[in-house]
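Have a look at the structure below, then the notes.
Proteins get letters first, then strands, A, B, ... in listed order; numbering begins at 1 in each.
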There are 2 protein chains.
Amino acid sequence: MRDAAEIQHRMTLFQQRCAELGLANTHQRQVIFRTLAESTSHPTPEEVYRRVRKKIPSISLGTVYRNIKILVQKGLLKEVAVHHEPLRLDPNLSDHHHLVCRRCKSVADIASEDVEPVRLKAALPAGFQVERCEVVAMGLCAACAMKLKQNRSH
Amino acid sequence: MRDAAEIQHRMTLFQQRCAELGLANTHQRQVIFRTLAESTSHPTPEEVYRRVRKKIPSISLGTVYRNIKILVQKGLLKEVAVHHEPLRLDPNLSDHHHLVCRRCKSVADIASEDVEPVRLKAALPAGFQVERCEVVAMGLCAACAMKLKQNRSH
DNA sequence: TTGACAAAAGAGAATAAATCTCGTTTAATA
DNA sequence: TATTAAACGAGATTTATTCTCTTTTGTCAA
């Protein structure tokens with residue numbers, strides 16, 4: 001749980017951004033966002049639903065998913081990492097990293113030697129044992145970059 | 001597609017490891033692994049199924065999933081990133097990284113300032129535009145490390 | 001070799017996560 | 001305060017994955 005002033009600030013910004021984006025200011029949307037803004041635990045949609053129902057018992061799961069989707073699209077929320085989509089497999093057991101295209105979801109390898117070693121400067125949450133670090137570089141592959149450009153130009 | 005010698009090498013290692021692990025040497029398992037070893041595109045289980053059926057038309061999707069699961073468990077395959085599991089949300093829009101516990105799937109933030117900036121040393125695949133880099137540090141949180149230790153001791 | 005037994009396969013039902021459809025309600029604004 | 005587009009609730013649908021159960025196939029010792 002974050003402190004009240006911080007949350008109030010986030011809510012104010014949220015309402016501004018919604019207005020700018022033409023998103024209606026519904027009670028459900030407010031409560032869904034507030035629930036996320038208050039949490040530090042990166043909840044799943046189901047968990048958000050569970051918490052929001054305490055405030056709005058009649059809310060539907062579909063509304064939670066719909067709002068999460070819209071808010072992620074508009075950049076008001078983020079997803080942790082990329083893949084809730086189907087599992088992607090990798091026969092390459094050596095330590096390496098990945099490039100993921102945000103549009104077509106293609107995955108390419110980056111050899112470990114091609115990335116400066118990842119170094120954590122600060123203390124980790126008490127007792128966390130890191131086993132491996134993966135860098136996920138997200139962006140657009142050449143093909144998708146071109147397609148997006150074409151779409152924008154007509 | 002990788003070159004034939006490399007694949008042959010992987011298949012030999014694979015058979016050795018299977019024998020060591022007591023995994024039966026079935027035709028289906030061989031073909032599933034070979035299909036993955038040949039690919040450079042990080043296919044989904046469905047895609048693996050599609051390709052394997054060209055060699056073994058009668059294979060079932062369940063067999064593909066079952067083998068993928070076993071091989072990942074035994075460390076003969078890897079999953080790209082972590083989450084095929086439910087979407088995890090993040091209201092923190094500032095640039096930051098994540099610690100993920102491989103056992104309980106809890107997610108904790110690492111502030112961007114606490115990680116040395118990620119630097120790519122080599123050229124990326126032609127034309128890939130990186131928009132953001134996320135470091136995913138995987139391991140065990142304190143609670144899970146303790147539970148695993150306890151389980152092992154009796 | 002062959003026979004016993006555990007491991008794995010195939011078929012298809014079941015579950016979980018997410019999305020969609022459609023009739024109704026609500027917020028924005030004129 | 002009337003209009004209308006946006007959003008809601010309910011529940012069906014789709015997609016990804018796992019499970020159950022019966023049959024088949026490897027493995028290994030006699």
Side-chain angles (χ1 to χ4, degrees), chain A residues 14-36 42-74 76-77 79-89 105 107, chain B residues 14-35 42-53 55-74 76-77 79-89 105 107:
Chain A
F14 175 69
Q15 299 198 353
Q16 278 173 17
R17 289 293 295 133
C18 282
E20 285 165 26
L21 294 162
L23 293 175
N25 179 21
T26 68
H27 183 47
Q28 287 87 341
R29 183 123 70 210
Q30 294 287 316
V31 174
I32 289 167
F33 184 81
R34 177 184 289 272
T35 299
L36 278 157
H42 308 80
T44 65
E46 282 285 344
E47 177 60 21
V48 172
Y49 176 55
R50 222 178 51 72
R51 295 187 201 171
V52 169
R53 260 196 306 180
K54 291 179 185 165
K55 305 249 180 67
I56 314 177
S58 65
I59 199 169
S60 76
L61 182 57
T63 296
V64 172
Y65 271 104
R66 191 188 316 119
N67 275 290
I68 285 173
K69 193 153 212 212
I70 291 170
L71 297 181
V72 168
Q73 265 169 18
K74 301 292 185 181
L76 296 171
L77 285 180
E79 300 178 3
V80 172
V82 247
H83 293 289
H84 56 294
E85 270 137 0
L87 181 58
R88 299 296 289 258
L89 297 162
K105 313 291 177 186
V107 179
Chain B
F14 176 68
Q15 299 198 354
Q16 278 174 17
R17 290 292 295 134
C18 282
E20 286 165 26
L21 294 163
L23 292 175
N25 179 21
T26 67
H27 182 46
Q28 287 87 341
R29 183 125 70 209
Q30 294 287 316
V31 174
I32 290 167
F33 184 81
R34 177 182 290 271
T35 299
H42 308 80
T44 65
E46 281 286 344
E47 177 61 21
V48 173
Y49 175 55
R50 222 177 50 73
R51 295 186 201 172
V52 169
R53 261 195 306 180
K55 306 248 179 65
I56 314 176
S58 65
I59 199 169
S60 76
L61 182 58
T63 296
V64 171
Y65 270 103
R66 190 185 321 116
N67 275 291
I68 284 173
K69 194 155 210 210
I70 292 170
L71 298 181
V72 169
Q73 265 168 17
K74 302 292 185 181
L76 297 171
L77 284 181
E79 300 179 2
V80 172
V82 248
H83 294 290
H84 55 293
E85 269 136 0
L87 181 59
R88 299 294 291 259
L89 296 162
K105 312 292 177 185
V107 179

In whole angstroms, the gap separating C1' of C:dT21 from NZ of A:Lys69 amounts to 15 Å

Determine the contact category for A:Arg66: base if any of its heavy atoms lies under 4.0 Å from a base atom, sugar-phosphate if only primed atoms, P, OP1 or OP2 are that close, otherwise nothing.
base

Distance (rounded to the nearest 0.5 Å) between A:His42 NE2 and A:Glu79 CD
12.5 Å

Between C:dT19, C:dG10, D:dT17, which nucleotide gets closest to the side-chain atoms of B:Ser58?
C:dG10

Table of protein N/O atoms under 3.5 Å from nucleotides 12-15 of chain C N/O atoms:
none

Side chain of B:Arg29, backbone of B:Asn67: donor and acceptor closer than 3.5 Å?
no

Chi angles and distances behind the salt bridge (charged side-chain N to carboxylate O under 4.0 Å, His left out) call for A:Arg50, A:Glu46:
CA-CA 6 Å; A:Arg50 222 178 51 72; A:Glu46 282 285 344; over 6 Å; no

Would you sort out whether A:Arg34 and A:Val31 count as a side-chain contact (heavy atoms from CB on, under 4.5 Å), showing the intermediate values?
CA-CA 5 Å; A:Arg34 177 184 289 272; A:Val31 174; 5.6 Å; no

Measure from the side-chain heavy atoms of B:Tyr65 and tell me the nearest of C:dA18, D:dA16, D:dG9.
D:dA16

Taken to the nearest whole Å, CD/B:Glu79 to C1'/D:dA16 is 13 Å

To the nearest Å, how far apart are B:Ile32 CD1 and C:dA9 C1'?
10 Å

Roughly how many Å is it from CD in B:Glu47 to P in D:dT15, rounded to a whole number?
16 Å

Please find the pair of heavy atoms, one from A:Ile32 and one from A:Val64, that lie closest to each other, and give the distance.
CD1-CA, 3.8 Å

Roughly, in whole Å, what's the span from CD in A:Gln30 to P in D:dC8?
11 Å

Using a 4.0 Å heavy-atom cut-off across all strands, classify A:Leu61 as base, sugar-phosphate, or nothing.
nothing

Terminal helix-axis angle for the helix from C:dT1-D:dA30 to C:dA30-D:dT1, with five pairs defining each axis and rounding to 10 degrees
40°

How close do B:Gln30 and B:Gln15 get, heavy atom to heavy atom, and via which atoms?
OE1-NE2, 2.7 Å

About how many Å separate CD1 of B:Ile70 and CD of B:Gln73, when rounded to the nearest 0.5 Å?
7.0 Å

Do B:Leu76 and B:Leu21 touch side chain to side chain, with heavy atoms closer than 4.5 Å?
yes

Considering non-hydrogen atoms only, spot the tightest contact between B:Phe14 and B:Leu71 and give its length.
CE1-CD2, 3.8 Å

Do the numbers put A:Arg53 on top of the ring of A:Tyr49, so that NZ or CZ is under 6.0 Å from the six-membered ring centre and no more than 45° off the axis?
yes

Given atom CD1 of A:Ile70 and atom P of C:dT19, what is their separation to the nearest angstrom?
12 Å

So which nucleotide from C:dA8, C:dA18, C:dG10 ends up closest to the side chain of B:Arg29?
C:dA8

With the criterion being N/O to N/O and under 3.5 Å, what pairs connect the protein with nucleotides 24-28 of chain C, and how long is each?
residue	atom	partner	partner atom	Å
C:dA28	OP1	A:Asn25	N	3.1

Using every non-hydrogen atom in the two residues, find where A:Ile56 and A:Gln28 come nearest and quote the distance to one decimal.
CD1-CA, 3.8 Å

Calculate the interatomic distance between A:Glu46 atom CD and C:dT19 atom P; express it in whole Å.
12 Å

Using whole Å, report how far CD1 of B:Ile59 lies from P of D:dT24.
17 Å

